[in-house]
2 protein chains.
Amino acid sequence: MRPKLTLKQIARELDVSISTVSKALRDSSEIGEETKKKIKAFAKLYNYRPNNIALSLKNRKTKTIGIIIPEIVHYFFTTVISGVEQVANEKGYNVIVCLSNNSFDKEVLNMELLANGSTDGFIMSMAKETLQKEDYHHLTEVTNQGMPLVLFDRVIDEVHCDKVIIDDVIGAKKAVQYLIDKGAKKIGLVSTVDYVSVGKLRTRGYLEILRENNVEIDENLILKIEDMDHSEAEIKDFINKNDLDAVFAVNEHFAIHAIKAVQEKGLKVPDDVSVIGFTDGELSKRFIPSLTTVSQHGERMGAEAARLLIDKLERKPEEEESYKTVIVETSLIERNSTKL
Amino acid sequence: MRPKLTLKQIARELDVSISTVSKALRDSSEIGEETKKKIKAFAKLYNYRPNNIALSLKNRKTKTIGIIIPEIVHYFFTTVISGVEQVANEKGYNVIVCLSNNSFDKEVLNMELLANGSTDGFIMSMAKETLQKEDYHHLTEVTNQGMPLVLFDRVIDEVHCDKVIIDDVIGAKKAVQYLIDKGAKKIGLVSTVDYVSVGKLRTRGYLEILRENNVEIDENLILKIEDMDHSEAEIKDFINKNDLDAVFAVNEHFAIHAIKAVQEKGLKVPDDVSVIGFTDGELSKRFIPSLTTVSQHGERMGAEAARLLIDKLERKPEEEESYKTVIVETSLIERNSTKL
DNA sequence: TTGTACGCGTTATCAC
DNA sequence: GTGATAACGCGTACAA
């Protein structure tokens with residue numbers, strides 16, 4: 001076992017000073033060619049690499065960005081991470097991942113931990129509990145300290161920072177308009193409770209587009225899932241009670257439960273009932289029938305978020321502060337859960 | 001914007017020395033009660049937190065562990081991360097995630113980067129390219145430097161370190177035995193090429209259990225997918241050519257393609273053909289018919305890996321070196337793709 | 001009871 | 001052309 005080589009050791013070995021070694025390796029013109037050659041050769045031979053921690057301490061930069069997400073066992077978040085990782089890597093940044101498990105306390109803990117020197121900035125999607133509590137002190141805390149923060153997906157107006165969102169309203173409108181165009185009259189909505197902003201926005205899109213098409217809104221055709229653990233039963237009940245042509249679900253899971261419920265009712269998808277989901281994951285692609293969905297392009301969102309963050313990190317402090325909100329476009333992907 | 005508070009600033013503000021502050025905050029008995037109280041109050045008021053980077057440099061420990069995986073948009077790896085994260089967090093460690101994208105070069109780059117002070121140790125699953133190349137110098141490099149390494153899932157004997165694997169052979173045997181018990185005579189195998197160790201091991205399990213049951217082995221009933229991009233077509237062809245009672249697929253994707261192929265051939269799953277997969281992901285649970293699978297328990301694997309790594313990290317250097325291999329048991333989960 | 005000095009690994013500045 | 005010194009933020013052995 002051979003411990004890591006340091007400047008000091010090289011210096012001792014070659015009988016020169018530490019600063020000479022440092023300069024030689026950075027190819028400074030101050031150092032004589034001979035000495036440089038010797039030192040570089042030695043460093044190369046023994047595979048010297050500067051210690052990141054020491055550099056971080058010196059430069060007051062860690063070159064790592066922290067991602068905090070509610071859960072990782074979730075296709076969408078996974079694609080976002082992938083996007084972040086890609087551009088972060090290109091620009092020489094590392095990515096450190098923390099999970100809040102949708103818990104407010106863990107989110108706060110994680111942020112504090114990472115804020116104490118571990119990362120230069122944050123990319124995050126807020127925990128459900130945080131959205132309910134409406135307590136954002138940990139976010140303002142870090143931004144006050146001058147650490148850039150980029151919020152994505154689950155976002156709130158109260159926090160001033162860069163944001164990456166999708167056009168939830170427009171995405172929902174696209175989906176419902178598509179159903180209307182295919183001749184659907186009674187279109188059900190399966191959504192979440194309103195403090196989850198995506199649920200709220202997609203619901204708004206649904207309502208708006210119905211109005212624009214002069215379709216009367218029937219509150220009975222709107223289901224808001226309270227408890228994810230009982231979503232299956234709630235959806236089944238909802239499908240059984242109502243006589244729908246089509247269903248717009250705000251995520252994959254709801255969409256699939258809707259399809260199952262329709263089938264168990266003895267009807268066919270898409271012949272009797274069309275179903276559209278939101279978020280384009282593995283499930284949508286491979287389910288039978290494969291799901292027509294509004295794709296969120298998580299990878300693009302991650303990439304955008306990383307770009308925004310790194311821009312902030314590498315900006316000169318003189319430049320004036322301003323916050324951008326990037327909207328990543330959704331697109332409707334037609335598959336087999338809707339009529340042609 | 002208020003920059004982070006340091007010991008130095010507290011000292012200046014309160015007109016004491018830095019070390020007094022440090023000691024007071026660590027509740028040292030050397031410091032007078034009065035002074036302690038004053039300093040603690042101030043620190044609490046302004047929310048002082050020690051700088052992780054400085055601590056890392058001083059202690060030569062980062063309290064973070066690096067995970068390097070081939071890809072993150074993959075349910076299994078995602079569950080492993082989740083498991084690692086859980087026990088890491090319990091023990092006060094952070095998790096930094098790097099993706100190799102199955103590329104040898106990126107794997108090497110990532111390891112070198114993290115090895116230069118960013119992490120205390122590694123948990124990794126090797127890139128496909130690395131397995132093909134059989135070049136493990138980057139792994140021996142870090143272990144030589146005294147950094148603990150835990151390999152999981154994709155593992156090779158040549159590298160000496162702790163390992164977490166599943167009983168691939170036994171898992172495969174369980175699955176095939178199950179099919180035999182249900183009366184299957186012609187059992188097809190859909191596997192990967194042999195340099196992917198999981199493919200090799202699961203194939204071995206398949207062969208062994210057939211022998212143990214005195215079932216003749218027919219090479220025609222074994223398909224080894226070369227190119228993932230054409231797996232669908234290859235499987236379709238395979239299913240069409242052979243007249244099978246049952247199929248054992250070494251992953252979810254293959255299993256689902258097999259089911260599709262069977263259905264397109266005009267047969268029914270599970271009535272005419274039973275199908276068992278490996279790896280228990282979203283897809284298996286929600287597909288219709290839902291898939292009977294051998295579950296890998298990724299979360300447990302991640303947790304085990306983290307435990308092994310942290311044990312090594314926190315062990316006294318005197319204790320002698322030894323490497324463990326933990327085998328996480330698989331279990332067969334019965335669903336609707338096999339006959340009752 | 002408090003403060004000084006040192007070291008962790010690096011680089012920048014300044015002196016020789 | 002080379003080397004000593006300070007600084008980044010912290011903890012601690014030792015001196016006062």
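Chain letters run A, B, ... following the sequence lines, proteins first and then strands; every chain starts at 1. When reading the values below, keep in mind they use all heavy atoms of this one structure, side chains included, and skip hydrogens, waters and symmetry mates.
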task: Begin from the C-alpha positions of A/N47 and B/E141 and carry the test side-chain contact (heavy atoms from CB on, under 4.5 Å) through to its verdict.
output: CA-CA 10 Å; A/N47 196 27; B/E141 191 83 6; 3.0 Å; yes
query: How many Å lie between CG on A/L25 and P on C/dT10, as a whole number?
result: 9 Å
message: Let's see if you can work this out: which of C/dG9, D/dG11, D/dC8 has an atom nearest to the side-chain heavy atoms of B/L55?
response: D/dG11
- prompt: Heavy atoms under 4.0 Å, any strand shown: does B/T35 hit a base, just sugar-phosphate, or nothing?
  reply: sugar-phosphate
query: How many Å lie between CG on B/L14 and C1' on C/dT2, as a whole number?
result: 14 Å
- request: Between B/G32 and B/N59, just flag the one whose closest nucleotide in DNA chain C comes earlier from the 5' side.
  value: B/G32
query: Which heavy-atom pair separates B/T64 from B/Y93 by the least distance, and what is that distance?
result: N-CD2, 4.0 Å
message: It should be established whether A/R26 places a side-chain nitrogen or oxygen under 4.0 Å from OP1 or OP2 of nucleotide C/dT10.
response: no
task: Taking only Lys NZ, Arg NE, NH1 and NH2, and the carboxylate oxygens of Asp or Glu, determine whether A/K312 and A/D162 approach each other closer than 4.0 Å.
output: yes
field: Between C1' of D/dT12 and CG of B/D27, the distance in whole Å
entry: 16 Å
query: Rounding to a whole Å, what distance do you find between A/D15:CG and D/dT2:C1'?
result: 12 Å
task: Using atom CG of B/N116 as one end and atom P of C/dC8 as the other, report the distance to the nearest whole Å.
output: 18 Å
task: Looking at every strand, decide which applies to A/L57 at a 4.0 Å heavy-atom threshold: base, sugar-phosphate, or nothing.
output: base
query: Expressed in angstrom and rounded to an integer, what is the separation of A/I18 atom CD1 from C/dT11 atom C1'?
result: 11 Å
message: Below the 4.0 Å mark, does D/dT2 have OP1 or OP2 next to a side-chain nitrogen or oxygen of A/S17?
response: no
task: Output all residues satisfying side chain to side chain donor-acceptor pair (under 3.5 Å) with A/S118, sequence neighbours left out; order by chain, then residue number.
output: B/N52
query: If you measure from the Lys or Arg side-chain nitrogens to the Asp or Glu carboxylate oxygens, is any gap between A/K106 and A/E71 under 4.0 Å?
result: no
- prompt: Starting at the 5' end of DNA chain C, which residue's closest nucleotide do you reach first, B/K36 or B/A54?
  reply: B/K36
- prompt: Where is the tightest heavy-atom contact between B/V164 and B/M301, given as atom of each residue plus distance?
  reply: O-CE, 3.6 Å
message: Using OP1 and OP2 only, check whether a side-chain N or O of B/R60 sits under 4.0 Å from C/dG9.
response: yes
message: Using the rule given for side-chain contact (heavy atoms from CB on, under 4.5 Å), can you reason through B/D135 versus B/F104, listing the C-alpha separation, both sets of side-chain angles and the distance that settles it, and then say yes or no?
response: CA-CA 9 Å; B/D135 181 347; B/F104 173 75; 3.4 Å; yes
message: Counting only side-chain nitrogens and oxygens, does B/T20 get under 4.0 Å of the OP1 or OP2 atom of C/dT2?
response: no
Whole-Å gap separating P (D/dT12) and NZ (B/K58): 7 Å
- request: Strictly below 4.0 Å, heavy-atom distances to any atom of DNA chain D: list the hits from residues 37-50 of chain A, or just say none.
  value: none
message: Quick one about A/T78 and B/T78 (side-chain donor to acceptor, distance below 3.5 Å, no hydrogens or angles considered), yes or no?
response: yes
message: So which atom in A/P50 and which in B/N116 form the shortest heavy-atom distance, rounded to 0.1 Å?
response: O-CB, 3.6 Å
field: Distance, rounded to the nearest Å, where B/N51 contributes CG and C/dC8 contributes C1'
entry: 13 Å
query: If you take all heavy atoms of B/R154 and B/N102, which pair is closest and at what distance?
result: NH1-OD1, 3.1 Å
query: With a 4.0 Å cut-off on heavy atoms, is B/S22 in touch with a base, just the backbone sugar-phosphate, or nothing at all?
result: base
query: For C/dC8, does either OP1 or OP2 sit under 4.0 Å from a side-chain N or O belonging to A/K8?
result: yes
I'd like a table of atom pairs between the protein and nucleotides 13-16 of chain C - only N or O on both sides, under 3.5 Å - with the distance next to each one.
{"residue": "C/dT13", "atom": "O4", "partner": "A/K23", "partner atom": "NZ", "Å": "3.4"}

